[in-house]
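Notes to accompany the following structure.
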Protein chains: 2
Amino acid sequence: MKGNEMSGNENLYKIIFRTEGGAEYSARAKAGASLLAVARDAGVAIDAPCSGNGTCGKCRVKLVSGGVDAVRGRHISEADFAGGFRLACESAVLGDAEVFVPESAFAWQSRIRVDERGADSGEKLARITGWFAEAGFAPDGDVRCVRVDMDAPSLDDAEADLERLRGAAGLALKSAADAASNNGAAEGRAPDACADAARGEAPLAVGIGALRGLPSVLRANSFSAYCVVADGAASGGANVVAGGAAYANRVIGVCAEPVRPVGIALDIGTTTVSAMLVELSTGEPLSVGSAGNGQIRYGADVINRLIESARPGGAERLRRAVAEECIAPLTRSVCAQAGIDPSLVAKVSIAGNTTMAHLLLGIPGENIRMEPYVPAFFSADGLRGADLGIGVCPDAAVYIAPSVGSYVGGDITAGVLATGLHRRPESSMLIDLGTNGEIVLAGDGFLLACACSAGPAFEGGDMSCGMRATDGAIWSVGIDGETMEPTLDVIGGIPPAGICGTGFIELIGELYRCRIIDARGKFIREGERIKSDEWDGRYMVLADGVSITETDIDNFIRAKGSVFSAMRTMLELTGMDASDLERVYIAGGIGSAIDIASAVRIGMLPAIPEERYEYIGNSSLAGAYDILLSADARAQLAEIQGGMTYIELSTHPGYMDEFIAACFIPHTDAKLFE
Amino acid sequence: MKGNEMSGNENLYKIIFRTEGGAEYSARAKAGASLLAVARDAGVAIDAPCSGNGTCGKCRVKLVSGGVDAVRGRHISEADFAGGFRLACESAVLGDAEVFVPESAFAWQSRIRVDERGADSGEKLARITGWFAEAGFAPDGDVRCVRVDMDAPSLDDAEADLERLRGAAGLALKSAADAASNNGAAEGRAPDACADAARGEAPLAVGIGALRGLPSVLRANSFSAYCVVADGAASGGANVVAGGAAYANRVIGVCAEPVRPVGIALDIGTTTVSAMLVELSTGEPLSVGSAGNGQIRYGADVINRLIESARPGGAERLRRAVAEECIAPLTRSVCAQAGIDPSLVAKVSIAGNTTMAHLLLGIPGENIRMEPYVPAFFSADGLRGADLGIGVCPDAAVYIAPSVGSYVGGDITAGVLATGLHRRPESSMLIDLGTNGEIVLAGDGFLLACACSAGPAFEGGDMSCGMRATDGAIWSVGIDGETMEPTLDVIGGIPPAGICGTGFIELIGELYRCRIIDARGKFIREGERIKSDEWDGRYMVLADGVSITETDIDNFIRAKGSVFSAMRTMLELTGMDASDLERVYIAGGIGSAIDIASAVRIGMLPAIPEERYEYIGNSSLAGAYDILLSADARAQLAEIQGGMTYIELSTHPGYMDEFIAACFIPHTDAKLFE
């Protein structure tokens, strides 16, 4: 982008941000403006999981020159403060200033990656396609690639490209149909996919995406074109023209080479967005990828983003942060892996929590977090690619997994669809431990869902040394009861940079086993591993560096407590006991390496036979895959959404007591975990 | 916009543009880059009607500091060159530089305004609505405003806003229908418009535009909402959801107050875009406006823009220039005049020439100008507001007047529809003298159309002192045969700044009558009004300043010659003589003050009784108005497009001879004009 500056901003100060990566951004700011806000406006994506409340300490920057108005908080040592370190969120502009943004201020976002340990991407995809087959779903195959041959124009035949294509296509679709019946067809490989069944009779609509490419494709290919053709159901409703006439087919893309008709399945998590490019005729996954949700600079949890979405322009800012800054590039990257033009992506399916669905569509969501917790929508129908701004075909059909409540969203209904929870006769449970925790209890004929405000602790958020389960993360910890010395397992075998969710579960379990902390999570032993300052006590996991503070432990205890008490409340509602659960699926970003024994030891999960627990990774993406391909799956998802009862815990009598009782290690009623 | 600058551009020079208006833009440019191109990239809209060929001389800027590589051309006097004046298009970057951009470099674009003389806006609108009635058209009334009352949500009733609205709306639509039948309805005034006939049975779709506003509207209004509801035909095909189920109604907008359902009719001219905000239920025009087509900085005529559209990113640059920089603000302004939220604009109709239609949709158009002159499309169906990026309702139905050829576009088919040329038994002709000339010859049962490459001369383009028919334009001229002194009429009675199309017709007619120029347009008398330099001879209309050069006269003779020869060719094709024409409608930017006698004297129009000529202003906008409101009109327009025969003059035998014969004043065969 060229830098254009309008003059006449004399009443504004100039703030220059230099990143450790070497990029430089300059912005103008009023006196008193928060350095974090100025950075956000200038496009510097400094992380602020707490959204600038000064609690998470992740927005540490260094003042190079100029002055800001800031007081030293718990997150900055005296030495560092003297050295110019400040929290961006607690620094107010006083005048021109130059600010250095260290890599650490980006780390939480930039180092996010889907947890690959235990289940490599191949296994993950196999699980997803396996579930699809188990459920008896099959691809609709309602998007096809059809070759159309036309006469070249001349002065005597100056028909326009679109009308020329429309004239020739009807015939081509018919012959394609014949070809299909001849060669058995529908292995779905190009060019076989280009001889798929077709409805050749009705008039043909041509979408704006196809129209833009048409002139060059026809002339690059002596007036032959491979058309990506969607039938009525697959064209997001775009098959009815303004006049009202219905088309059976719509050309949504054209190219010079045969192409596989593709769609993209998206799991939009609060922290991570995952994408899967899928061949529509066969269901074959062509590529996968994931990226950090760009909204994270507006807060790690949904609450802070809902607040931001209510500010002027906030909903659009959040929409851009996820759609244009995150999903669009992610789409380009998965398409590039498969050698597909993103503008040919013919279908999009989306699973995300209720807040993510709202913010993706640019809808203010503040009512989600305010009693009586009413979202703008549960099911959004009839959207097209053009409505999303993610660079896919403007005519692409868009399927969004429906929500059942403010805090039980499409990611959960999709997860139930994928795991088939709704089809099983035995009692089972789905626990999704992402940035928030959601729980579904399923029995013969009922589906009960609730959300527990676990917060991002399980993904390492809101923890002073927390990080995602990626290279450098401590994922397993043992402690010597005598010396209090830890033994660590680190992802990627590199020097530890932080602790991920599974690591915290084991670390806190060990700290408690060794009586280094008491049931309330307070330090009760002394030693060189135990340090404390005016703000906090901490256990040094590394002699200098990675540590866990009493505040961290407190956050984590509340997180595990909210999950356990939610499970208890659900079971009580149905007169069940934990031991009645035949199967407990654990999904989400906490990672496959979760040590069930440790989780039970700290009172996070009930003490039932370990083999009943199964970590299933990203079940939300699996559900998105199902509805991308199959109308049956979409119908079943609608039934799941209609049949699921949402329990609002925050107002449920008795839940608070359960929660308070669970905010100990392991629990006020320790017998529960024997 | 905040100014962010990425560093690491050391190999680029810094060019600062200061406008006479006081704005400052800075850009970075490589050595050798054209100053005009750098300005365009930096968003400085310097005019270049000739698109940087150095022929029009409109991109005069003044070098303040730094150096550029430029030679003095015909458009810069030695004194001015010494004073730092340069043509931006003929100046190459040598290093850092500061450039002053005088108002004159913007004038041609910024001072564009629809010619209001003779026909004030009110008369113009009366003509448009009058034609609509004469044709027997009536508004479809398929977009209504319906009040929906809902129960406020509670913890026991936490239904989402959309589902809540959908539940209550069916009932409301029914009762609205009853109310309508009770109070006679359909005066269309809000709130009467809110009790219009409705189809209450089928399920209700809710568009993303409505969804974004829903939460705040419901809560601002104790869960009552006024819904703008479009029926199937009116909803641009968006009424079929991805699942394939059809909706009879679609809520495309919600508001707290009753609103009139509105649409916008657009005439997209090469030079000027005109807009008309219309109440859909009654057809009442609510406001009008016009603005310069932002594409003009890429060339005054379609050819230069078609070339630009084939360059990398060119089609998207041109789309933005007209859609986002011109139509979007124009839409906001006409909506503001009527107090309407632009996102509630439920229908859009567009009439423009073939090139304008392509560039609006971001479709490269180079094939339009290259033999065999094949556009990408004649009719583009099924588009929605979201496809245009002009800030209207994303679900708005979009109607684009179809073209019949590369150089006979939707502006002409729309003009025929509006004037009813296709319905008249007698022989008549429509001559549209905009930036290009198009001619339609209609008789009992036939429609013949052609384009003549008249260029922008009739609008003052490509003329050294040419300007649009707006304040300061000389629109009428008389010359004293003895003294050669002119008498001038100036629009707005202010000091003359230039000459508009009608002024040139009279000026050249007078110069010829007074034998100051010969039949070839060369100066043959001497006097203090006649000046000449190394480049050109000129007649000084003002002793110092406004003048007309032999080059200007030559341009104009070719323009009028192409129009006259095109008329002759058409008439010959049908075995008719000019005297057979009962009616000749003159439309377009040349202005209502055209003096027919002068036009005949210079051989631009055939010598038939003056009363058979009528200036009708913007017939393209009138046609857009018709199709915005009426399905009958859209059906007739489709017939017109299908029934019109396009004559490609450039390859038509005999046309070239006609043209050459017509490139004299008045003509090689002067008897034609006696």
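Any value given below was found using the heavy atoms of this structure, including those in side chains, with hydrogens, waters and symmetry copies removed. Quick note on labels: first sequence line is chain A, next is B, and so on, each numbered from 1.
- Put simply, of B:A158, B:G209, B:P375, the one with the most heavy-atom pairs under 4.5 Å next to chain A is B:P375.
- Chosen from B:A631, B:S379, B:P364, B:A380, the residue pairing most often with chain A at heavy-atom distances under 4.5 Å is B:S379.
- The candidate with the highest count of non-hydrogen atom pairs below 4.5 Å against chain A, out of B:G207, B:P394, B:S154, B:G365, is B:S154.
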**OP:** Check step by step if side-chain contact (heavy atoms from CB on, under 4.5 Å) holds for A:V374 and B:E159.
**Re:** CA-CA 7 Å; A:V374 173; B:E159 186 72 286; over 6 Å; no

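- A donor-acceptor pair under 3.5 Å links the side-chain atoms of B:E163 to the main chain of A:F378, judged by distance alone.
- In this structure, B:R164 contributes its side chain and A:F377 its backbone to no donor-acceptor pair below 3.5 Å.
- Interface summary for chain B: among A:T651, A:L211, A:I16, A:T354, the most heavy-atom pairs under 4.5 angstrom belong to A:L211.
- Here B:I208 is the residue among B:L218, B:I208, B:D156 with the most heavy-atom pairs under 4.5 Å with chain A.
- When B:A160, B:P153, B:G362 are compared by the number of non-hydrogen pairs under 4.5 Å with chain A, B:A160 comes out ahead.
- Across A:P215 and B:N367, no two heavy atoms sit closer than the pair CB-ND2, 3.5 Å.
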Subject >> Test log, rule side-chain contact (heavy atoms from CB on, under 4.5 Å), inputs A:E316 and B:R212 >> reply: CA-CA 10 Å; A:E316 174 60 13; B:R212 287 182 177 138; 5.7 Å; no

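- Most heavy-atom pairs under 4.5 Å with chain B, from the set A:L155, A:L165, A:I363, A:I368: that is A:L155.
- Contacts of B:E366 with chain A are absent, with no heavy-atom separation under 4.5 Å from either backbone or side chain.
- Residues B:R384 and A:D395 are not paired through a salt bridge, judged by the lack of any N-O separation under 4.0 Å between the basic side chain and the carboxylate.
- Of the two parts of B:D387, the backbone and the side chain both hold a non-hydrogen atom closer than 4.5 Å to a non-hydrogen atom of chain A.
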